[in-house]
Every structure is written in structure tokens, then in C-alpha cells.
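Read the structure below first, then the notes.
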Amino acid sequence: MGTRDLLSDEQITTGLLALPEWQREGGSIQRTVQAKDFPAAIRIVDAVAVQAEAMDHHPDIDIRWRTLHFTLSTHSAGGLTALDLRLASLIDAAAAAEA
Ligand code: HBI
């Protein structure tokens, strides 16, 4: 399976078992991160940005004070791929590092 191949519903459901903070919304997955303050929120975004750039796969991020909302999908594939699940795990780790 190439990382940019669309995942099946079963693959998505299985992958999300390891990502309990994430919700599927059709062709994307989403989660909210509550940071302890605004600088912490920006540190999380910065850590995610470095890793997203390294994997050439980028999240949609909504930043509102201490609340970050991440939406992931593979735009070039028009849905969810393994890249989205991998990035979700990286986002969880960046959030945990600032908890
Ligand atoms: N990020 N989420 C997401 N989806 C894409 O299709 C995508 C991307 N970042 C970069 C990118 N595509 C292009 O640079 C090529 O890698 C396709």
C-alpha cells in the first residue's frame, strides 16, 4: 500500500483505534488540542510544522488562543491515507510534550 493510496473504511477504523482523540468526518480526521497557554499552543504548532514539512504532508490548523483544531486529509488523494494517520500520531506526541 502506497502512503498516498486511499485507505478503506476498515483500514481507517482500525487505524483510529490507536488514535482515540481523533474523530472521522468523512474524508478527514479531526481533533482538538487544549494547550496550557498561547505560547504552548504555538510551540505545539511549531513542532508539528517541522515534522509535517519533513514528511511533505500538512495539516489544516485552526488556532484560537489555547485551543488548536487539527484537520487531516490527503488533498491530492481526496481522502484519508496512511500519511494522515502517521501525522495524527505525530500531532498527539507534540501535544503530549506540552501537557
Ligand atoms: N498535505 N495534507 C496534505 N495533502 C496533500 O495532498 C499534500 C500535502 N502537502 C504537500 C503536498 N500534498 C504536495 O507537495 C505533494 O507532496 C503532493
Side-chain angles (χ1 to χ4, degrees):
M1 172 191 74
T3 54
R4 287 189 181 277
D5 297 336
L6 285 176
L7 295 173
S8 67
D9 284 343
E10 183 181 5
Q11 289 173 313
I12 295 166
T13 301
T14 301
L16 289 177
L17 293 176
L19 298 164
E21 300 296 325
W22 294 80
Q23 282 79 39
R24 182 181 180 183
E25 305 289 338
S28 70
I29 55 173
Q30 305 184 23
R31 80 157 283 186
T32 297
V33 174
Q34 290 294 346
K36 52 177 169 253
D37 56 28
F38 189 58
I42 298 305
R43 287 194 297 272
I44 292 168
V45 170
D46 187 57
V48 170
V50 170
Q51 297 191 75
E53 193 67 11
M55 64 185 287
D56 192 24
H57 195 69
H58 306 85
D60 299 340
I61 308 172
D62 181 276
I63 304 170
R64 300 181 188 215
W65 189 13
R66 297 176 293 189
T67 302
L68 300 174
H69 191 81
F70 293 92
T71 302
L72 309 182
S73 69
T74 303
H75 307 303
S76 57
L80 288 164
T81 69
L83 290 169
D84 299 306
L85 299 181
R86 188 176 308 157
L87 181 55
S89 179
L90 294 174
I91 290 166
D92 288 352
E98 286 289 341

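When a ligand or atom number is given, it counts from 1 through the structure's own listing order. All values reported here derive from a predicted model rather than from experimental measurement.
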message: I'd like to know if R24 pairs up with D84 as an ion pair, taking the criterion as any Lys NZ or Arg NE/NH1/NH2 lying under 4.0 Å from an Asp or Glu carboxylate oxygen.
response: no
query: Does ligand 1 have any atom sitting under 4.0 Å from a heavy atom of S73?
result: yes
- prompt: If you group Ile, Leu, Val, Met, Phe, Trp and Tyr by side-chain heavy-atom gaps below 4.5 Å, do L17 and L19 land in one group?
  reply: no
- request: Can you pull out the closest protein heavy atom to atom 1 (N) of ligand 1? Residue, atom name and distance to 0.1 Å, please.
  value: H58 N, 3.1 Å
message: I'd like to check H69 versus T71 (side-chain heavy atoms, cut-off strictly below 4.5 Å). Are they in contact?
response: yes
statement: So for R4 against ligand 1, with non-hydrogen atoms under 4.0 Å, the contacting part is side chain
query: Which residue owns the protein heavy atom closest to atom 5 (C) of ligand 1, what's the atom, and how far is it?
result: H75 N, 3.6 Å
query: If you count the atoms of ligand 1 from 1 in the order shown, which ones are under 4.0 Å from a heavy atom of S76?
result: 5 (C), 6 (O)
task: Flag yes if V50 and L90 sit in one hydrophobic cluster, no otherwise; membership is Ile, Leu, Val, Met, Phe, Trp, Tyr, and two members link when side-chain heavy atoms are under 4.5 Å apart.
output: no
query: Name the one of L85, L83, I91 that satisfies side chain to side chain contact (heavy atoms under 4.5 Å, CB included) with L87?
result: I91
task: Could you check atom 15 (C) of ligand 1 against the protein and tell me its nearest heavy-atom contact, residue, atom and distance included?
output: D56 OD2, 3.6 Å
